[in-house]
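Heads up: the structure comes next, in structure tokens.
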Amino acid sequence: QQLLLRAVCDTVVPKLVAEDIPLLSSLLSGVFPGSSIVTIQEEQLREEIIKLAREHKLVATDKFVEKTLQLFQIQRLHHGVMMVGPCGSGKSSACRLLLEAMSRVDGVKGDA
């Protein structure tokens with residue numbers, strides 16, 4: 001049950017808009033009573049994203065950090081990623097911060 005729940009959270013949640021997360025949570029609790037959406041367990045990367053956001057004069061809201069971590073998660077599963085959203089919503093900032101945070105955590109320089 002935990003494995004299936006983790007697989008759903010890893011593959012589906014990053015693709016959802018914020019308004020659909022409560023619906024998925026409701027569906028999951030119906031199928032897996034007492035379950036909730038699993039948060040991403042990349043604490044070192046999370047801390048680096050928050051630190052870099054401050055350095056770049058960005059506000060590291062919980063929602064922004066979570067979406068940036070979801071971008072990391074989905075990039076591990078897929079070769080190509082398309083980010084959609086309104087202008088000024090932080091798509092480019094999230095991508096740049098993630099690349100820089102990954103470089104600092106892994107010690108490997110990444111290219112965008």
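Just so we're clear, the structure is a prediction, and the values are computed from it rather than from any experiment. Because only heavy atoms are used, hydrogens play no part in the values below, and waters and symmetry mates are left out as well, while side chains stay in.
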* **Lys15 and its side chain to side chain contact (heavy atoms under 4.5 Å, CB included) partner, picked from Ile74, Val81, Asp20** => Ile74
* Asked: Do His56 and Arg96 have side chains that get closer than 4.5 Å, going by heavy atoms?
  -> no
* To do: Find the distance between CG (Leu98) and OG (Ser93) and round it off to the nearest 0.5 Å.
  => 12.0 Å
* Structure fact -> CD1 (Ile50) and CG (Leu58) are apart, to the nearest 0.5 Å, by 12.5 Å
* To do: Using a cut-off of 6.0 Å, state whether more than 12 heavy atoms not belonging to Leu23 lie near its atom CG.
  => yes
* To the nearest 0.5 angstrom, please state how far the CD1 atom of Ile49 sits from the CG atom of Leu69. => 4.0 Å
* Asked: Charged N to carboxylate O below 4.0 Å: is that the case for Lys63 and Glu66?
  -> no
* Side chain Ser25, main chain Ile21, donor-acceptor under 3.5 Å -> no
* Taking every non-hydrogen atom, the tightest pair across Pro33 and Gly30 -> CD-O, 4.5 Å
* CD on Glu48 to CD on Glu100, rounded to 0.5 Å -> 8.0 Å
* To do: Could you check if a side-chain atom of Val13 sits within less than 4.5 angstrom of a side-chain atom of Gln73, using non-hydrogen atoms only?
  => no
* Any side-chain heavy atom of Phe64 sitting closer than 4.5 Å to one from Leu97? -> yes
* Minimum-distance pair of heavy atoms, taken over all atoms of Val84 and Lys91 -> C-CD, 3.6 Å
* To do: Kindly indicate, with the supporting measurements, whether the criterion side chain to side chain contact (heavy atoms under 4.5 Å, CB included) is fulfilled by Val105 and Glu42.
  => CA-CA 11 Å; Val105 170; Glu42 294 285 342; over 6 Å; no
* To do: Report the distance from atom NZ of Lys67 to atom CE of Met83, rounding to the nearest 0.5 Å.
  => 9.5 Å
